[in-house]
Amino acid sequence: MTLPMSDPTAWATAMNNLGMAPLGIAGQPILPDFDPALGMMTGIPPITPMMPGLGIVPPPIPPDMPVVKEIIHCKSCTLFPPNPNLPPPATRERPPGCKTVFVGGLPENGTEQIIVEVFEQCGEIIAIRKSKKNFCHIRFAEEYMVDKALYLSGYRIRLGSSTDKKDTGRLHVDFAQARDDLYEWECKQRMLAREERHRRRMEEERLRPPSPPPVVHYSDHECSIVAEKLKDDSKFSEAVQTLLTWIERGEVNRRSANNFYSMIQSANSHVRRLVNEKAAHEKDMEEAKEKFKQALSGILIQFEQIVAVYHSASKQKAWDHFTKAQRKNISVWCKQAEEIRNIHNDELMGIRREEEMEMSDEEIEETTETKETEESVSQAETLKEENDSLRWQLDAYRNEVELLKQEQGKAPREDDPNKEEQLKLLQQALQGMQQHLLKVQEEFKRKEAELEKVKDDKLQVEKMLENLEKEDCATRLCTSSQDSEYPLEKTLNSSPIKSEREALLVGIISTFLHVHPFGASIEYICSYLHRLDSKICTSDVECLMSRLQHTFRQEMTGIGASLEKRWKFCGFEGLKLA
């Protein structure tokens, strides 16, 4: 077996696959990649998949990896690999479902038996169409076999050991278009599409909600069954739906009218049951609200106790004995507890505020009176402007009426119906404008009276605050002058207001209670004060209000479980008594 020395790399690879040690070639050094310990070249697989006895060809190798093809021995011929340095042979675009390949470059003396012997290693061959020239078409059973056949493209085939030109050739394998392949591929695609549609249909049917059972047609027997179901609370909904369907279908006639009336009467009897159920649920809701309110009040009391513990620990007596880290933790805990307490307090105040709003509409008007003062002022101004414009319009109408009267006086003999109609229309418009003007004037007077009342209340509160400040200053002067002379008398006859802060608290509480004539609970008052200063304690506020008996009065409202203590402002009455 002689080979030309034009491709020494392919020759060394062939010698290696035959199990012979590679020899040095004249003019070429021994290959540096050869590993003598292994007896093969490193990086090259020792066995080619196309060797006789092996019918498996690996999938196409990625283009970034170097492909080294090897000699393939058959019974009647031998296949020699192409030069690996040459570019890979060009191929056309692969047709869809391609199972047929074009093979060119066959030897002139090549027979169909030799073609089968070479390409049957790629897979089962269905048909071979050989031309008189040196090419043929081969159709395989599966598509992946075409890729194996393309692996042989570029190989040089030699029949036996002959070197005759008619016994040699260079194979060129490429994709071929065939109507049978395209038809089979289209059939396969249609089958896959049918399977996909069937799968989607099954999935949609599985996910589709079950359809309701059909409503039976009307008959005397079915009517009696539905009438019995209407009397049963558990089957009422189903029976009512059946009754509604029958009525909409037009089953009501003279013969069946009495039956339908009795069924409608049975449906009407459930109204009382539904009303009672609603009342029971409302009662349960009220009880749950009351329980939640009581639990929230208990939680708030515990939060107050915890915050009091933090405040007492922050006093100088105990604060000096803690370390720096402990002080920091106590401060953080105190701040967190105060924030949570304020949130819960606001929630409780919101619940109570809603209850008060539901109790009476009068309280809503009184609580929102201070907020509407500015709106009433603006409304009064707009009413005043509207009043002026209406007056001007009224004067214009009067002038027109006088002009018409004068014209009628000048020409009494002329009977003009148009003028009489115009006069009537103007008189009607004048009367309407006068009525509207009267209404606007009444509204304006009412708004002015409300403004005057609000201003008087504000002046009274300011005077009361001034009096309280004067009394505070006088008590301070008296106590400072009598400190040295009458220490015992100072302690006995001390003023109920001990500092300027308490005086400010009294003024704020008085203003708050003045707009709440029905009184307010101590929690409601403290929730308002906490928005100004979160450090205000409820017990201190209650103690201060109890000391001022002529200014604040505590009353009990409600009956039984709804019993509640409310504080009222009685400063105007107490001023006469004091």
Side-chain angles (χ1 to χ4, degrees), residues 288-356 367 371 465 468-469 472-473 475-476 479-480 483 490-491 494-513 516 520-548 551-552 554 564-567:
K289 280 186 179 179
E290 191 63 29
K291 287 181 182 179
F292 176 71
K293 183 179 173 183
Q294 292 176 0
L296 196 58
S297 301
I299 291 169
L300 274 175
I301 292 169
Q302 294 181 10
F303 267 113
E304 291 287 348
Q305 294 172 350
I306 294 168
V307 171
V309 169
Y310 290 142
H311 284 308
S312 61
S314 301
K315 291 180 180 178
Q316 200 70 25
K317 233 189 280 182
W319 190 253
D320 294 339
H321 298 287
F322 293 116
T323 62
K324 190 174 180 180
Q326 291 172 347
R327 291 177 188 174
K328 186 177 179 181
N329 289 335
I330 291 172
S331 301
V332 172
W333 294 339
C334 181
K335 188 181 289 186
Q336 291 176 353
E338 286 178 349
E339 290 176 357
I340 298 171
R341 180 199 63 186
N342 293 336
I343 291 169
H344 284 73
N345 199 4
D346 292 341
E347 190 175 355
L348 183 61
M349 289 304 105
I351 294 170
R352 289 178 177 172
R353 205 174 293 116
E354 288 177 0
E355 291 178 354
E356 290 178 359
T367 51
K371 297 180 181 178
L465 288 173
L468 288 173
E469 288 178 0
D472 189 22
C473 294
T475 51
R476 283 185 182 178
T479 51
S480 62
D483 276 344
K490 175 190 171 186
T491 56
S494 61
S495 174
I497 300 174
K498 299 179 181 179
S499 63
E500 185 179 0
R501 177 183 174 81
E502 290 187 353
L504 290 172
L505 280 175
V506 170
I508 294 168
I509 295 169
S510 303
T511 308
F512 180 77
L513 290 177
H516 291 77
S521 61
I522 188 67
E523 291 85 1
Y524 191 15
I525 297 169
C526 291
S527 70
Y528 177 73
L529 294 175
H530 281 155
R531 295 181 179 274
L532 304 175
D533 187 4
S534 60
K535 296 181 180 179
I536 293 174
C537 186
T538 307
S539 58
D540 295 342
V541 175
E542 192 171 7
C543 182
L544 175 63
M545 294 174 68
S546 60
R547 291 205 304 267
L548 300 171
T551 308
F552 305 107
Q554 190 178 24
E564 188 177 8
K565 295 180 181 179
R566 293 197 174 201
W567 288 90

Residues that L296 engages under side chain to side chain contact (heavy atoms under 4.5 Å, CB included), provided they are two or more places apart | F292, H344, E347, L348, I351
Check S510 against T551 and note the closest heavy-atom contact, atom names and distance.
-> OG-CG2, 4.1 Å
Quick one: side chain to side chain contact (heavy atoms under 4.5 Å, CB included) partners of E339, sequence neighbours excluded?
-> K335
If you measure from CD1 on I509 to CG on L504, what distance do you get to the nearest 0.5 Å?
-> 11.0 Å
If you take all heavy atoms of S527 and M349, which pair is closest and at what distance?
-> CB-CG, 3.0 Å
Can you run down the salt bridge (Lys or Arg N to Asp or Glu O under 4.0 Å) pairs that involve residues 308-327, sequence neighbours left out, and say none if there aren't any?
-> none
Partners meeting ring-ring contact (aromatic ring centres under 6.0 Å, His included) with F512 (sequence neighbours left out) | H516, Y524, Y528
Any side-chain heavy-atom pair of I525 and L513 under 4.5 Å = yes
So do S546 and F552 actually touch side chain to side chain, heavy atoms under 4.5 Å?
-> no
Any side chain to side chain donor-acceptor pair (under 3.5 Å) pairs touching residues 292-311, not counting sequence neighbours?
-> K293-E355, H311-E338
Let me check something: any side-chain donor-acceptor pairs from residues 535-544 under 3.5 Å, sequence neighbours excluded? List them with distances.
none

Report the residues that fulfil salt bridge (Lys or Arg N to Asp or Glu O under 4.0 Å) with D533, sequence neighbours left out, ordered by chain and then residue number.
-> R501
Roughly how far, to the nearest 0.5 Å, is CG of N345 from CD1 of I299?
-> 12.5 Å
If a pair satisfies ring pair (Phe, Tyr, Trp, His ring centres under 6.0 Å) and one of its residues is in residues 315-336, list it, with sequence neighbours excluded.
-> none
Between S312 and A318, which heavy-atom pair has the shortest distance, and what is it?
-> O-CB, 4.4 Å
Check the pair I522, M545 against side chain to side chain contact (heavy atoms under 4.5 Å, CB included), reporting the backbone distance first and the verdict last.
-> CA-CA 10 Å; I522 188 67; M545 294 174 68; 4.1 Å; yes
